[in-house]
Protein chains: 2
Amino acid sequence: MRDADATRARILAAAKKEFAKRGLGGARVDEIADRAKANKRMIYHYFGNKEDLFRIVVEEAYVDIRTAEQTLELEHLPAREALEKLVRFTWDYYLKNPEFITLVNSENLHKARHLKKSEKIEQLFRRFVDMVGDLLDRGVEEGVFRPGIDPVQLNITIAAIGYYYITNRFTGSIVFQRDLMAPEALQERLEFNIETIMRLVCVSP
Amino acid sequence: MRDADATRARILAAAKKEFAKRGLGGARVDEIADRAKANKRMIYHYFGNKEDLFRIVVEEAYVDIRTAEQTLELEHLPAREALEKLVRFTWDYYLKNPEFITLVNSENLHKARHLKKSEKIEQLFRRFVDMVGDLLDRGVEEGVFRPGIDPVQLNITIAAIGYYYITNRFTGSIVFQRDLMAPEALQERLEFNIETIMRLVCVSP
DNA sequence: GTAAAGAAAGTAACTAGTTAGTGCGTTGTT
DNA sequence: AACAACGCACTAACTAGTTACTTTCTTTAC
């Protein structure tokens, strides 16, 4: 049974897991081949080398989160509801896809040298920033949002308050002496995050 | 010239740099020895093995940030000023010590298995959480802070909005198509962060 | 229809270089 | 002399990448 596409896809999925688990430096090409039930030679055949494979994994991770975001259709909701939905989505996505966070961390450890080579990333995010910009404008028109908020700063803040909690869940649970991943703790954090963003953006909370 | 303490200290400093630059998996013991102008044999003599060396580096990084925090003496300031000072301090510390962030990221990639072995970390942080708890109480008494805010959630949020920006400065600069490390960008972010926290905590912003 | 040719998919074993960790001897200090 | 600090040179295991080969599928010629 030969299937080039399926093998390629299995390698990519395996690479995503391995890179997310151990980072670029700690990941082992042999391990990726095993996980993918493929041969190491196939990895080099389809992806050239380890770094290129990593680049494609990271690119794909960014495409995935932005694709998911675009299904939100925030345009059809009142501004306040749309903003809350975005905060909830971001939180849920990090929670369900912690490998996204690990990959981004790993890419930043390497000063984003792989993403620098990518071309499709820039336009992907321009659309996203525009979407949040439009949402902010709409909220101001509706009289519910403060004017003058920078959509990039808001984006970063929405991401930050979820991302930091999830990425540092292990040291955080030790340092703060509570299980940050307990269901009640997660619920509490999500509500705190929504309150943080609402107080930041809305005219009257 | 023989000096056990100095050699040990040079190794620790070199290890901190190397681990911060490449993570636990990517760091090379030979490189640490070279940087420290010591011999690899000395590393094993003083620290046992690579993992133990890493554990001590991470522990020391946590002790350093908490030690710096304790010089703030927030008790002697009005609550609002104290809170703003804490946000500024956190931001400045991350900016001046980006290796702290990389070490914490690396430790979380390994599910905090080194920090779990550490004993002095817990009490270090209990004091810190108490300090912020006291600050919140004082702000409520002064009539400037909302009551009922969880000091742990506030701590996490103050850290998050700075940490995320700094740790993801490389991918962030590509994705948002602006130089996030330009002096004006840094100043803008700090002010945005202060506003975020003030709106979250204060009764009237 | 079918057989030969060729291309693509897949594998095992290997190479060259790297890496954490050590054995053992040397040098300096008290 | 005794002990601690130090350093060279080694090893056993590992690791990214390659070579040379087999198997399977597709295309083309008749």
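So you know, we letter chains A, B, ... as the sequences are listed, proteins then strands, and number each from 1.
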Using heavy-atom distances to pick each residue's nearest nucleotide on DNA chain D, tell me which of B/D5 and B/K40 is more 5'. B/D5
N or O in side chain of B/Y46 less than 4.0 angstrom from D/dC6 OP1/OP2: yes
Select base, sugar-phosphate, or nothing to describe what B/A27 touches, counting heavy atoms under 4.0 Å on all strands. sugar-phosphate
Expressed as a whole number of angstroms, how long is the span from B/F54:CZ to C/dA20:C1'? 16 Å
Atom CG of B/L53 and atom P of C/dT19: how far apart are they, to the nearest Å? 16 Å
Can you tell me whether the side chain of B/K50 and the base of C/dG21 have a donor-acceptor pair closer than 3.5 Å? no
Let me know the distance between CD of A/E31 and P of D/dG17, rounded to the nearest Å. 17 Å
Can the ring centres of A/Y163 and B/Y163 be said to be less than 6.0 Å apart? no
Nearest-angstrom distance from the residue atom OH of A/Y44 to P of C/dA12: 17 Å
Tell me which pairs pass ring-ring contact (aromatic ring centres under 6.0 Å, His included) where either residue lies in residues 8-49 of chain B, with sequence neighbours left out. B/F19-B/F54
Separation of A/E59 CD from A/K120 NZ (nearest 0.5 Å): 5.0 Å
Using only heavy-atom distances, decide whether a donor-acceptor pair under 3.5 angstrom links the side-chain of B/R41 to the base of C/dT22. no
Once you round it to whole Å, what is the distance between P of D/dA16 and CG of A/D34? 12 Å
Interatomic distance where NE2 belongs to A/H45 and C1' belongs to D/dG17 [whole Å]: 15 Å
Specify the residue among B/R2 and B/E51 whose closest nucleotide of DNA chain C lies further upstream toward the 5′ end. B/E51
Using a cut-off of strictly less than 4.0 Å, decide whether B/T7 has a side-chain nitrogen or oxygen near OP1 or OP2 of D/dC6. yes
Look at A/R28 and D/dT15 and indicate whether a side-chain polar atom (N or O) is within less than 4.0 Å of OP1 or OP2. yes
How far does CG of A/L115 sit from NZ of A/K117, to the nearest 0.5 angstrom? 11.0 Å
Does NZ or CZ of A/R189 fall inside the cone over A/Y165's six-membered ring, less than 6.0 Å from its centre and within 45° of the axis? no
Does B/N39 have a side-chain nitrogen or oxygen under 4.0 Å from the phosphate oxygens OP1 or OP2 of D/dC8? yes
What is the distance from CG of B/D52 to P of C/dA20, rounded to the nearest Å? 15 Å
Quick one: B/K37 NZ to D/dC6 P, roughly how many Å, whole number? 15 Å
